[in-house]
Structure formats: C-alpha cells, structure tokens
Amino acid sequence: MKVSEQHTDFFHQVYEIVRLIPTGRVTSYGAIAKVLGTPKSSRMVGWAMNASHQDPTIPAHRVVNRKGLLTGKMHFETPTKMEELLRKEGVIVKDDCVQDFNKVFWDPSEIIQ
DNA sequence: CCATTGACTTAAG
DNA sequence: CCTTAAGCCAATG
C-alpha cells in the first residue's frame, strides 16, 4: 500500500462508517473517531468529511457534533441543504440543532460488536 | 520550516 | 449551560 496518497487509512475508515449510518439516524465525529481508536482525533473526522465531496455516496449530513449541532452545514451546496436532508429522513432539526439527539444518535460500535 | 486554522472533544472551574 | 485550556493532526499560508 502506498502511504503518500491523498486519503489515509483513517480517512477511508471514516468513509466506510459514515456510509453505514442508517437513514434517519445521525452520529458524531467523536463517536467515529473513537471507534477508529483515536478518540482525540475527531477533528480529522471533520476533515475527512470536508474531503468527502469527492465521493457523493457519503452521507455527510448524518454526521454532527456531540451536541447534535449542524456545524458543517455551511460546507454543503447550500447552508440549508444539511438540515433539509435530515428532515427528509425524519430527523427533527431546530435552530441548526438535532432534536431528540439521544434517540436518533447511532453508535458506530454497534456494527463492530 | 514555522504559524495558524478547523465540519471536534474532554476536563475543569 | 458557559468559558478556558489542552489535545489532536492534515492542510494551508
């Protein structure tokens, strides 16, 4: 494997997990980072999302911060695209914040078991 | 090469 | 719940 690629293994693993997020559910950057074994590298998850534009199959709108705040909405095609997509999937969004975050939150560690 | 930034999180006060 | 501070590391200037 070549290491001097644009995407590291970390990025690739982030993409895989994000793709596995069920419709109508969301998860956090930290949860993903934790599953990957680097809980302190949640920023890199966010950076991976920023680079995920190269791959449209990645539902980046299902990834929010630990408070359920749509911090990355401004990086979409339009600032409102993220919450529009979430609402379409049944996620209640109020003031850029996911309501009932505890209910819709999806822990990536469930698929690892 | 050094400094700053950023779709973050945790701990402590 | 709010503010600081620290940790994290790729990307950018």
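Letters go in sequence order (proteins before strands), and every chain restarts at 1.
Of the C1' atoms belonging to dC2(C) and dA7(B), the separation is 22 Å, rounded to the nearest Å.
In this structure, Ile58(A) places its CD1 atom 13 Å from C1' of dA7(B), rounding to the nearest Å. Between Lys34(A) atom NZ and dC8(C) atom C1' the separation is 16 Å, expressed in whole Å. When the P atom of dA7(B) is taken as reference, atom NZ of Lys73(A) falls 14 Å away, rounded to whole Å. Spacing between atom NE2 of His53(A) and atom P of dA11(C) amounts to 15 Å, rounded to whole angstrom units. As a whole-Å value, the separation of Phe10(A) CZ from dC9(C) C1' is 9 Å.
In this structure, Asn65(A) contributes its side chain and Lys67(A) its backbone to a donor-acceptor pair below 3.5 Å. A donor-acceptor contact shorter than 3.5 Å is absent between the side chain of Thr38(A) and the backbone of Ser41(A).
Across all strands shown, Ala60(A) has heavy atoms under 4.0 Å from base atoms, whether or not it also approaches the sugar-phosphate.
With sequence neighbours left out, Phe10(A) forms a ring pair (Phe, Tyr, Trp, His ring centres under 6.0 Å) with no residue at all. For Lys73(A), the side chain to side chain contact (heavy atoms under 4.5 Å, CB included) test picks out Leu70(A), Pro79(A), Met82(A), Glu83(A), Asp96(A), with sequence neighbours left out. Taking Glu89(A) as the reference, Arg62(A) meet the salt bridge (Lys or Arg N to Asp or Glu O under 4.0 Å) condition, with sequence neighbours excluded.
In this structure, Val26(A) and Leu86(A) have side chains that are in contact, with non-hydrogen atoms separated by less than 4.5 Å. Here the side chains of Val18(A) and Pro59(A) are in contact, with some heavy-atom distance below 4.5 Å. The side-chain heavy atoms of Val98(A) and Ile92(A), taken from C-beta on, include no pair separated by under 4.5 Å.
The stretch residues 24-34 of chain A participates, sequence neighbours left out, in no side-chain hydrogen bond (donor to acceptor under 3.5 Å, both in side chains) pair at all.
Distances from the side chain of Trp47(A) to the nucleotides dA7(B), dC8(C), dA10(C) place dA10(C) closest.
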Can you check nucleotides 8-13 of chain B for protein contacts, nitrogen or oxygen pairs under 3.5 Å, and list what you find?
residue	atom	partner	partner atom	Å
dC8(B)	OP1	Thr71(A)	OG1	2.9
dC8(B)	O2	Ser42(A)	OG	2.9
dC8(B)	N3	Arg43(A)	NH1	3.1
dC8(B)	N4	Arg43(A)	NE	3.3
dC8(B)	N4	Arg43(A)	NH1	2.2
dC8(B)	N4	Arg43(A)	NH2	2.1
dT9(B)	OP1	Gly30(A)	N	3.4
dT9(B)	OP1	Arg66(A)	N	3.0
dT9(B)	OP2	Arg66(A)	N	2.9
dT9(B)	O4'	Ser42(A)	OG	3.3

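Taking a 4.0 Å limit (strictly below) on heavy-atom distances, residues 75-103 of chain A reaches DNA chain B at His75(A), Phe76(A).
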